[in-house]
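Here is the structure we will look at.
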Amino acid sequence: MRYWLFKSEPDAYSVDDLAEDGTAGWDGVRNYQARNLLRDEIQPGDLVLFYHSNAKPPGVVGVAEVVRGGHPDPTQFDPASPGYDPKSRPEAPRWYQVEIAFRARLPQMVTLQQIKEDPELREMMVARRGVRLSVQPVERAHFERVLRLGGLSPEALGGGTGR
DNA sequence: GCCAACGTTGGC
DNA sequence: GCCAACGTTGGC
């Protein structure tokens, strides 16, 4: 099992939206590095830190679980979608998504500032200057540390599937 | 294949 | 709202 961090602007899609929806296709990613992770690396059962970017303050606000691995992002074929890509064809999709399910809110959000100031977390990709990747790998130790700082027990999430 | 111009991200 | 840092595009 691997761990990831997904960024979302809460004005566009927040952890509350995910909690309400239950599951969501992580569509709209239009960056090749992130696409490769979505298509090739992210597997069902992997756990995701849900991160609010462009928020006040930015930080990790929840946990989700991957429930379906990489498959073509349908919004690329929808002319009405902001993610529409006229150069992508169904027989050779350019963009991929995974599906995630809501698992938990963090009782206390873990802010970007906390991550940067924490000796155990400051190596996280999200804390590094200039890193804009919206889908990032996270080390297990970092994942568990973020959960503890947020008031969740990693053990409570780790084993069960919640399904 | 270079690289200038442009667009986007996202913290501050 | 600013702007630094990146990524993408497209002319050549």
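Letters A, B, ... are given to chains in the order of the sequence lines, protein chains preceding strands, and every chain is numbered from 1.
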Report summary line: Given protein heavy atoms under 4.0 Å, the one-letter contact record of nucleotides 1-6 of chain B, with B base, S sugar-phosphate only and - none, is simply ------
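The nearest whole Å value for the distance from the CG atom in A:D85 to the P atom in C:dT8 is 12 Å. Following rounding to the nearest Å, A:N31 (CG) and C:dT8 (P) show an atom-to-atom distance of 6 Å. Rounded to whole Å, the distance from CZ on A:R129 to P on B:dG10 is 16 Å. The interatomic distance linking A:Q136 (CD) with B:dG10 (C1') rounds to 12 Å, in whole Å. Protein atom NE2 of A:H52 is 12 Å distant from nucleotide atom P of B:dG11, rounded to whole Å. To the nearest angstrom, P of B:dT8 lies 18 Å from CG of A:L133.
For the pair A:R35 and A:D73, the salt-bridge criterion is not met [side-chain N within less than 4.0 Å of a carboxylate O].
Nucleic acid contact for A:K116: sugar-phosphate only, since backbone atoms but no base atoms lie under 4.0 Å from a heavy atom of the residue.
Under the ring-ring contact (aromatic ring centres under 6.0 Å, His included) criterion, A:Y32 pairs with A:W95, not counting sequence neighbours.
You'll find that the side chain of A:K87 is closest to C:dG10, out of B:dG10, B:dC12, C:dG10. The A:R132 side chain lies nearest to B:dT8 when the options are C:dG10, B:dG11, B:dT8.
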Query raised in the report: Are A:Q113 and A:T111 close enough, and set up right, to give a side chain to side chain donor-acceptor pair (under 3.5 Å), and what steps lead you there?
Result: CA-CA 5 Å; A:Q113 185 181 351; A:T111 65; 5.2 Å; no
